[in-house]
Peer 1: 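Let me begin by handing over the structure; questions about it come next.
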Amino acid sequence: MTALILDGKKLVKEREVALTASVAELVKNNPVPILATILVGSDPASGTYVQMKGNACRRIGMDSIKVEMSEETTTEQLLAKINELNANPDVHGILLQHPVPSQIDERLCFDAIAIEKDVDGVTTKGFGLMAMGEEAYGSATPAGIMHLLAHYNIDLNGKHAVVVGRSPILGKPMAAMLLNANCTVTICHSRTQNLADHIKQADILVGAVGRPEFIKAEWIKDGAVVVDAGYHPGGLGDIDKTGLEGRVSALTPVPGGVGPMTINALISQTLEAAQKASS
């Protein structure tokens with residue numbers, strides 16, 4: 001068996017062609033869609049991610065406003081900035097880059113983002129709507145993964161999906177999306193007992209625990225679909241992929257698998273928000 005490589009980088013190039021055409025059509029009679037990105041502090045990795053998101057917007061003809069705030073920013077100051085962007089009709093989507101400095105109540109600030117501008121899918125209300133199968137913008141990484149699985153015709157119906165990780169912007173929404181796609185879902189995490197036994201049952205495995213190679217290759221059954229949402233120094237993911245290409249049915253590379261799809265889902269949902277605002 002040779003694993004099908006779920007190539008997010010390649011798919012993004014295809015999707016950006018279609019997105020560019022959609023933006024061009026929209027701006028014939030409407031303002032250019034704008035994503036506002038908020039970066040609090042000077043974390044280099046976060047700064048790089050924000051820059052990548054801005055570049056992705058510009059590639060398809062959208063615009064991006066970069067809001068930079070100091071490391072000493074308070075919750076109240078951040079809330080004021082979010083409310084300012086909520087009230088700005090030129091802004092169609094708002095991204096608050098995670099993580100924020102420890103003195104800030106991140107959840108309170110996420111939930112201050114207007115639901116119609118929550119294109120990164122971080123609000124409690126957005127999560128609840130999505131989980132209940134109602135209209136909402138999904139968390140960008142899980143939404144990108146679902147686009148990737150759909151593009152490669154990965155059959156989810158009735159399959160046992162194991163999600164390793166329970167973060168509110170990755171593991172939990174990923175599990176809800178898979179459940180809505182008719183998977184039987186098990187959620188595991190770093191404190192799960194007998195973790196290997198759970199992983200061995202997975203038809204679809206999503207590594208989203210945030211620890212390099214935390215999930216061992218020998219735990220994964222032959223023929224599984226393996227999605228690695230982690231990225232760590234040295235090009236490592238959350239999953240040890242030693243020998244997997246010859247055993248599993250499908251596999252995301254790191255980098256080039258999930259990462260590009262995250263950004264693509266974000267800008268796609270920003271365009272959708274702009275289209276709704278124009279209607």
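On a predicted model such as this, the values are computed, not experimentally measured, just so you know.
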Peer 1: Is E245 atom CD crowded by more than 12 heavy atoms from other residues, nucleotides or ligands, each under 6.0 Å away?
Peer 2: no
Peer 1: For salt bridge (charged side-chain N to carboxylate O under 4.0 Å, His left out), just list the numbers for K221 and D203, CA-CA rounded to whole Å, side-chain angles, deciding distance to a tenth of an Å, and then say yes or no.
Peer 2: CA-CA 8 Å; K221 75 175 184 180; D203 301 312; 2.8 Å; yes
Peer 1: Answer yes or no: is there a side-chain heavy-atom contact under 4.5 Å between Q97 and T37?
Peer 2: no
Peer 1: Under the side chain to side chain donor-acceptor pair (under 3.5 Å) test, which residues partner D43, sequence neighbours left out?
Peer 2: S46
Peer 1: Would you name the heavy atoms of I5 and P253 that are closest together and state the gap between them?
Peer 2: CG2-CD, 3.8 Å
Peer 1: Is any side-chain heavy atom of Y231 less than 4.5 Å from a side-chain heavy atom of P255?
Peer 2: yes
Peer 1: Using a 3.5 Å distance criterion without hydrogens, assess whether the side chain of S64 forms a donor-acceptor pair with backbone atoms of C57.
Peer 2: no
Peer 1: Apply the test side chain to side chain contact (heavy atoms under 4.5 Å, CB included) to residues E213 and H232: give CA-CA distance (whole Å), side-chain angles for both, the deciding distance (0.1 Å), then the verdict.
Peer 2: CA-CA 9 Å; E213 299 192 335; H232 308 280; over 6 Å; no
Peer 1: Which heavy atom of C188 sits nearest to which heavy atom of V162, and what is that distance?
Peer 2: SG-CG1, 4.0 Å
Peer 1: Is a donor on one side and an acceptor on the other found under 3.5 Å between the side chain of Q269 and the backbone of V119?
Peer 2: yes
Peer 1: Work out which heavy atom in L244 is nearest to a heavy atom in L251; give both atom names and the distance.
Peer 2: CD1-CD1, 4.4 Å
Peer 1: Can any side-chain N or O of N30 pair as donor or acceptor with the backbone N or O of L26 at less than 3.5 Å?
Peer 2: yes
Peer 1: To the nearest 0.5 Å, what is the distance between OG on S42 and CD on E68?
Peer 2: 10.0 Å
Peer 1: Taking all non-hydrogen atoms of both residues into account, name the closest pair between A273 and Y137 and its distance.
Peer 2: CA-OH, 3.1 Å
Peer 1: At what distance, to the nearest 0.5 angstrom, does NE2 of H198 lie from CD of Q201?
Peer 2: 7.0 Å
Peer 1: Are there over 12 heavy-atom neighbours, none belonging to K216, within less than 6.0 Å of that residue's NZ?
Peer 2: yes
Peer 1: Applying the side chain to side chain contact (heavy atoms under 4.5 Å, CB included) test to V122, which of I113, D111, L96, L95 qualifies?
Peer 2: I113
Peer 1: Are the side chains of P33 and V27 in contact, using a 4.5 Å heavy-atom criterion?
Peer 2: yes
Peer 1: Any heavy-atom pair between the side chains of C109 and I82 that's under 4.5 Å?
Peer 2: yes
Peer 1: If you compare all heavy atoms of G61 against all heavy atoms of V32, which two are closest, and at what distance to 0.1 Å?
Peer 2: O-CG1, 3.4 Å
Peer 1: Would you give the length of the straight line joining atom CD of E218 to atom CD1 of I199, rounded to the nearest 0.5 angstrom?
Peer 2: 10.0 Å
Peer 1: Membership question, hydrophobic clusters at under 4.5 Å side-chain separation (ILVMFWY): are V225 and V209 in the same one?
Peer 2: no
Peer 1: Applying the 4.5 Å side-chain criterion to the ILVMFWY set and letting contacts propagate, would I187 and M146 be lumped into a single cluster?
Peer 2: yes
Peer 1: With rounding to the nearest 0.5 angstrom, report the CD to CD1 distance, E71 to I104.
Peer 2: 8.5 Å
Peer 1: Quick one: do V67 and M69 satisfy side chain to side chain contact (heavy atoms under 4.5 Å, CB included)? Show the steps, please.
Peer 2: CA-CA 7 Å; V67 178; M69 305 182 75; 4.1 Å; yes
Peer 1: Main chain of I34, side chain of H92: is a donor-acceptor contact present, judged purely on distance under 3.5 Å?
Peer 2: yes
Peer 1: Using modelled atom types only, decide if a donor and an acceptor are shared between the side chain of T123 and the backbone of I115 within a distance under 3.5 Å.
Peer 2: no
Peer 1: Around atom NZ of K241, are there more than 12 heavy atoms of other residues, nucleotides or ligands at under 6.0 Å?
Peer 2: yes
Peer 1: Working to the nearest 0.5 Å, report the span between CE of M52 and CG of L266.
Peer 2: 11.5 Å
Peer 1: Quick check against the 3.5 Å criterion: does N180 have a side-chain atom that pairs as donor or acceptor with the backbone of M130?
Peer 2: yes
Peer 1: Less than 4.5 Å apart, side chain to side chain, heavy atoms only: is that true for K9 and M261?
Peer 2: no
Peer 1: For the pair K117 (side chain) and V91 (backbone), establish whether a donor and an acceptor sit closer than 3.5 Å, ignoring hydrogens and angles.
Peer 2: yes
Peer 1: Quick one: does any side-chain atom of Q103 pair with a main-chain N or O of T74 as donor and acceptor, under 3.5 Å?
Peer 2: no
Peer 1: Between M177 and F127, is there a shared hydrophobic cluster once you connect ILVMFWY residues whose side-chain heavy atoms come closer than 4.5 Å?
Peer 2: yes
Peer 1: Ion pair present between K13 and E16, side-chain N to carboxylate O less than 4.0 angstrom?
Peer 2: no
Peer 1: Treating Ile, Leu, Val, Met, Phe, Trp and Tyr as nodes and any side-chain heavy-atom pair under 4.5 angstrom as an edge, say whether I239 and I204 lie in one connected cluster.
Peer 2: no
Peer 1: Just do the side chain to side chain contact (heavy atoms under 4.5 Å, CB included) check on V227 and L205 with the steps written out, would you?
Peer 2: CA-CA 6 Å; V227 177; L205 173 66; over 6 Å; no
Peer 1: Under 4.5 Å between any side-chain heavy atoms of L78 and I38, yes or no?
Peer 2: yes
Peer 1: Work out which heavy atom in E14 is nearest to a heavy atom in H151; give both atom names and the distance.
Peer 2: OE1-CE1, 3.5 Å
Peer 1: Is a donor on one side and an acceptor on the other found under 3.5 Å between the side chain of N83 and the backbone of L79?
Peer 2: yes
Peer 1: Indicate yes or no: does R247 engage D222 in a salt bridge with an N to O separation below 4.0 Å.
Peer 2: yes
Peer 1: With clusters defined by side-chain heavy atoms of hydrophobic residues (ILVMFWY) lying less than 4.5 Å apart, directly or transitively, does M174 cluster with V164?
Peer 2: no
Peer 1: Distance from R166 atom CZ to R191 atom CZ, nearest 0.5 Å?
Peer 2: 6.5 Å
Peer 1: Check the pair D238, R211 against salt bridge (charged side-chain N to carboxylate O under 4.0 Å, His left out), reporting the backbone distance first and the verdict last.
Peer 2: CA-CA 5 Å; D238 285 0; R211 297 188 185 183; over 6 Å; no
Peer 1: Does any N or O in the side chain of T192 come within less than 3.5 Å of the main-chain N or O of L195, such that one atom is a donor and the other an acceptor?
Peer 2: no
Peer 1: Hey, does I65 have a side-chain heavy atom less than 4.5 Å from the side chain of L35?
Peer 2: no
Peer 1: So do the side chains of L4 and Y152 get within less than 4.5 Å of each other, counting heavy atoms only?
Peer 2: yes
Peer 1: After noting the C-alpha distance and the side-chain angles of E135 and K276, does the key distance pass the salt bridge (charged side-chain N to carboxylate O under 4.0 Å, His left out) rule?
Peer 2: CA-CA 12 Å; E135 185 174 334; K276 288 179 179 176; 2.5 Å; yes
Peer 1: Any chance you could lay out the side chain to side chain contact (heavy atoms under 4.5 Å, CB included) test for H147 and R15, step after step, and finish with the verdict?
Peer 2: CA-CA 10 Å; H147 288 311; R15 287 174 60 86; 3.8 Å; yes
